[in-house]
Amino acid sequence: DAQVETVVVAGGTATIGPGTQVTGDVRTLNGTATVDPAASVAGEVSDLGPQLVTLGIVLVPALLLLIVGAALVTVVVALFVAGLAARQVRQAEWLISNEPGPSLLFGLLGIFVLPLLAILALITVVGAPVGLVFLFSVLPTVAYLGWIVAAIWVGDWVLARTRSGEPAERPYLAAVIGVVLLGAAALIPVVGSLVGFVASLFGIGSLLLLGWRTFRREPVVVPAAAPAAAPVAPPAA
């Protein structure tokens with residue numbers, strides 16, 4: 001005699017023999033379950049296949065709506081950034097194009113070193129609140145804004161090669177194009193994730209480098225006549 005709570009059969013067969021007590025249900029998924037008349041099953045014997053199909057019919061549209069909603073929110077945020085911080089965005093773009101090495105270095109520091117320092121701060125009583133704020137507030141915000149800056153850079157890069165003339169004062173169109181392109185790339189397995197990671201790396205790095213330069217009172221001067229996403233010569237010292 002045996003007593004179990006629930007029996008799940010996936011891709012095989014099971015026989016519930018005489019004297020066996022099942023206090024819950026017997027579920028099958030691409031399998032079969034044989035219940036002896038002398039066995040006791042308190043719940044029901046059912047196939048999980050139709051239930052999973054029904055669940056998928058509900059979840060897939062909900063997931064698509066979630067993705068579309070997140071994309072629209074990101075576009076709106078990118079437009080706000082392009083409108084309210086156009087000068088800083090142009091400076092960050094200029095750093096990505098003209099100082100990719102330092103931007104990459106600061107991006108690596110932002111992704112790996114700063115989280116490590118925040119985790120180490122959690123060990124101390126005094127540093128724990130600071131570490132928590134950094135891990136769950138500051139770093140995610142910087143990462144999100146870095147991705148948006150990288151997206152605007154991508155949009156400006158595309159616009160610089162598809163039309164002539166000076167770039168717009170506020171990169172609204174570049175923001176939309178960049179978010180759409182990077183968002184579409186994210187749908188490609190492996191490659192999309194790699195593209196998004198590299199873009200975020202440079203975006204985060206340019207923001208941190210810009211902040212460091214601002215802190216040291218070393219202004220980043222963007223030539224007015226040159227597209228922010230096109231390589232230009234650094235300003236003369």
Side-chain angles (χ1 to χ4, degrees), residues 67-111 137-187 192 195-237:
I67 293 174
V68 172
L72 291 177
V73 169
T74 303
V75 169
V76 171
V77 173
L79 290 174
F80 269 104
V81 172
L84 299 178
R87 180 174 62 86
Q88 290 80 2
V89 169
R90 291 304 192 197
Q91 290 172 328
E93 288 183 285
W94 192 90
L95 289 173
I96 294 175
S97 297
N98 295 272
E99 299 187 25
S103 296
L104 178 61
L105 176 60
F106 271 75
L108 292 172
L109 291 175
I111 288 181
S137 180
V138 176
L139 293 180
T141 300
V142 172
Y144 186 59
L145 292 177
W147 187 92
I148 288 177
V149 167
I152 296 176
W153 183 92
V154 170
D156 268 324
W157 186 89
V158 172
L159 290 175
R161 283 150 182 78
T162 55
R163 69 181 187 182
S164 58
E166 297 182 7
E169 180 182 357
R170 303 185 188 279
Y172 294 122
L173 182 57
V176 175
I177 293 175
V179 169
V180 171
L181 289 178
L182 281 187
L187 299 178
V195 170
F197 175 76
V198 173
S200 297
L201 199 61
F202 278 96
I204 294 170
S206 67
L207 287 181
L208 293 178
L209 180 56
L210 179 60
W212 175 249
R213 295 278 177 83
T214 302
F215 175 76
R216 297 189 62 184
R217 297 183 179 180
E218 299 175 359
V220 177
V221 180
V222 179
V232 296

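- Taking all atoms of both residues into account, the shortest heavy-atom contact from Tyr172 to Gly83 is OH-CA, 3.4 Å.
- Closest approach of Leu139 and Gly110 over heavy atoms only: CD2-O, 4.4 Å.
- Scanning both residues, Trp147 and Gly196, for their nearest heavy atoms gives CD1-O, 4.2 Å.
- In this structure, the separation between CG on Leu209 and CD on Glu218 is 9.5 Å, given to the nearest 0.5 Å.
- The shortest side-chain heavy-atom distance between Gln88 and Leu145 does not fall under the 4.5 Å cut-off.
- Closest approach of Val149 and Leu207 over heavy atoms only: CG2-CD2, 3.9 Å.
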Before you tell me yes or no, could you show the steps for Arg213 and Leu95 under side chain to side chain contact (heavy atoms under 4.5 Å, CB included), namely the whole-Å CA-CA distance, both residues' side-chain angles and the distance that decides it to 0.1 Å? CA-CA 11 Å; Arg213 295 278 177 83; Leu95 289 173; 3.9 Å; yes
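- Looking at Pro171 and Arg90, their side chains come closer than 4.5 Å, going by heavy atoms from C-beta outward.
- Applying the side chain to side chain donor-acceptor pair (under 3.5 Å) test to residues at least two apart or on different chains, the pairs with a partner in residues 68-78 are Thr74-Tyr144.
- Taking CG of Leu208 as the reference point, atom CG of Leu105 lies at 10.5 Å (rounded to 0.5 Å).
- The nearest pair of heavy atoms linking Ala78 to Ile152 is O-CD1, 4.2 Å.
- Separating the CG atom in Leu187 from the CD1 atom in Ile67 is a distance of 7.0 Å, to the nearest 0.5 Å.
- The distance from atom OG1 of Thr162 to atom CH2 of Trp157, rounded to the nearest 0.5 Å, is 9.5 Å.
- Taken to the nearest 0.5 Å, the CZ atom of Phe202 stands 10.5 Å off from the CZ atom of Phe197.
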Can Leu108 and Leu201 be said to form a side chain to side chain contact (heavy atoms under 4.5 Å, CB included), step by step? CA-CA 7 Å; Leu108 292 172; Leu201 199 61; 4.0 Å; yes
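- Taking every heavy atom of both residues into account, Arg170 and Ala82 meet most closely at CB-O, 3.7 Å.
- Here the straight-line distance linking atom CG of Leu210 with atom CZ of Phe215 works out to 14.0 Å at 0.5 Å rounding.
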